[in-house]
Amino acid sequence: SEDVRALAWRHEGRLAILLVVKVDQPRLITVTGAGEPLDVQKIDTSIPWDSPAIQEGVATAAGPLVTEGYAVALLREP
């Protein structure tokens, strides 16, 4: 889909995936073919613009990564 763009690379042997969500709507993103778990750092429109903060968590195949509106997320192997 044109709604989500992804760029993946390896840095020092670790997989990194950059996701950019280009629509102001919720998205459920499933990552397949990567090792588990993946560390996640993201910011989306659920965070107020006047007090920005990075959300951190873990992504697994057990459930999708949920973004609220425009978002940028970095997923990395630990």
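This structure is a prediction, so every number in the text was calculated from the model and none was measured.
- Considering every non-hydrogen atom in both Ser46 and Gln55, the closest pair reads OG-NE2, 3.2 Å.
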Arg14 vs Arg76, side chain to side chain contact (heavy atoms under 4.5 Å, CB included): CA-CA, chis, key distance, verdict
CA-CA 7 Å; Arg14 294 174 47 195; Arg76 293 184 293 176; 3.9 Å; yes

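- When hydrophobic side chains of Ile, Leu, Val, Met, Phe, Trp and Tyr are connected at separations under 4.5 Å, Tyr70 ends up as a singleton with no cluster partners.
- Here Glu12 pairs with nothing under the side chain to side chain donor-acceptor pair (under 3.5 Å) rule; sequence neighbours left out.
- Applying the side-chain hydrogen bond (donor to acceptor under 3.5 Å, both in side chains) definition to pairs two or more places apart or across chains, those involving residues 15-31 are Asp3-Arg27, Gln25-Arg27.
- In terms of the side chain to side chain donor-acceptor pair (under 3.5 Å) criterion, Thr60 has no residue partners (sequence neighbours excluded).
- When the side-chain contact (heavy atoms from CB on, under 4.5 Å) test is applied to Pro48, the partners found at least two apart in sequence or on another chain are Asp50, Ser51.
- Its side chain within the 4.5 Å cluster rule, Leu19 clusters with Val4, Leu15, Ile17, Val21, Val23, Ile29, Val31, Leu38, Val40, Leu65, Leu75 among the Ile, Leu, Val, Met, Phe, Trp and Tyr residues.
- Taking the side-chain contact (heavy atoms from CB on, under 4.5 Å) definition, one finds that Trp9 meets it with Leu7, His11, Ala16, Leu18, Leu74, sequence neighbours left out.
- Residues passing the salt bridge (Lys or Arg N to Asp or Glu O under 4.0 Å) test with Glu68, sequence neighbours excluded: none.
- Listed by first then second residue, pairs satisfying salt bridge (Lys or Arg N to Asp or Glu O under 4.0 Å) with a partner in residues 38-47 read Lys42-Asp44, not counting sequence neighbours.
- For Arg5, the side chain to side chain donor-acceptor pair (under 3.5 Å) partners two or more places apart in sequence, or in a different chain, are Glu2.
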